[in-house]
**Student:** 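Quick one: the structure is below, questions incoming.
What you see is a predicted model, and the numbers here were worked out from it, not measured in a lab.
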Amino acid sequence: MADVYQVLAVFQQYTLLDEQGAANALPLCSLALGELTARLRPGANPQDPRLIHAAAALAVYKWKLREQAGEGETTYLKAGDMVVRRQGDALQHIRQLKDEAMLCVQPLLEDEQFLFRCVEV
């Protein structure tokens with residue numbers, strides 16, 4: 001099985017957090033890795049780098065969701081001549097990162113979205 005510390009290292013690269021900040025995300029990385037590992041197809045390699053990157057991207061997405069839960073769409077701060085504006089589109093970029101990582105790891109995962117219907121002839 002992939003190591004949660006490998007996922008944490010990739011998480012840290014995505015978020016540019018320091019060691020302490022990234023260490024606080026260890027449970028989130030463990031949860032994301034567990035979610036994906038539980039969906040592995042039989043015979044899939046649990047050490048596949050795509051799994052590690054997808055788990056890290058999923059953890060970053062969940063981390064960003066938590067971070068923005070109390071924030072509005074735009075944050076504005078003015079101190080003297082300095083103005084800082086942060087738009088709410090950061091989550092959109094992280095969602096795209098997660099979606100791309102999940103597409104890459106999809107061949108390793110079991111299909112979960114089947115719909116069976118009765119067809120009358």
**Student:** Does any non-hydrogen side-chain atom of Thr37 lie less than 4.5 Å from one of Pro46?
**Tutor:** no
**Student:** Side chains of Gln96 and Gln92: is there a donor and an acceptor less than 3.5 Å apart?
**Tutor:** no
**Student:** Are the side chain of Arg41 and the backbone N or O of Leu108 linked by a donor-acceptor pair below 3.5 Å?
**Tutor:** no
**Student:** Tell me whether Leu40 shares a hydrophobic cluster with Leu103, the cluster being built from Ile, Leu, Val, Met, Phe, Trp, Tyr side chains joined at under 4.5 Å.
**Tutor:** no
**Student:** Please tell me whether Leu16 and Tyr14 are part of a single hydrophobic cluster in this structure, the criterion being side-chain heavy atoms less than 4.5 Å apart.
**Tutor:** no
**Student:** How would you list all residue pairs meeting ring-ring contact (aromatic ring centres under 6.0 Å, His included) that involve residues 32-58, not counting sequence neighbours?
**Tutor:** none
**Student:** Name all residues meeting the salt bridge (Lys or Arg N to Asp or Glu O under 4.0 Å) criterion together with Lys62; count only those two or more places apart in sequence or in a different chain, and write none if there are none.
**Tutor:** Glu35
**Student:** Considering non-hydrogen atoms only, spot the tightest contact between Ile94 and Val60 and give its length.
**Tutor:** CG2-CG1, 3.8 Å
**Student:** Report the distance from atom CG of Leu97 to atom CE of Met102, rounding to the nearest 0.5 Å.
**Tutor:** 11.5 Å
**Student:** Would you find more than 12 non-hydrogen atoms of other residues, nucleotides or ligands less than 6.0 Å from Glu110 atom CD?
**Tutor:** yes
**Student:** Is there side-chain contact between His93 and Lys64, with at least one heavy-atom pair below 4.5 Å?
**Tutor:** no
**Student:** Would you say the side-chain atoms of Gln12 pair up with the backbone N or O of Leu17, donor to acceptor, closer than 3.5 Å?
**Tutor:** yes
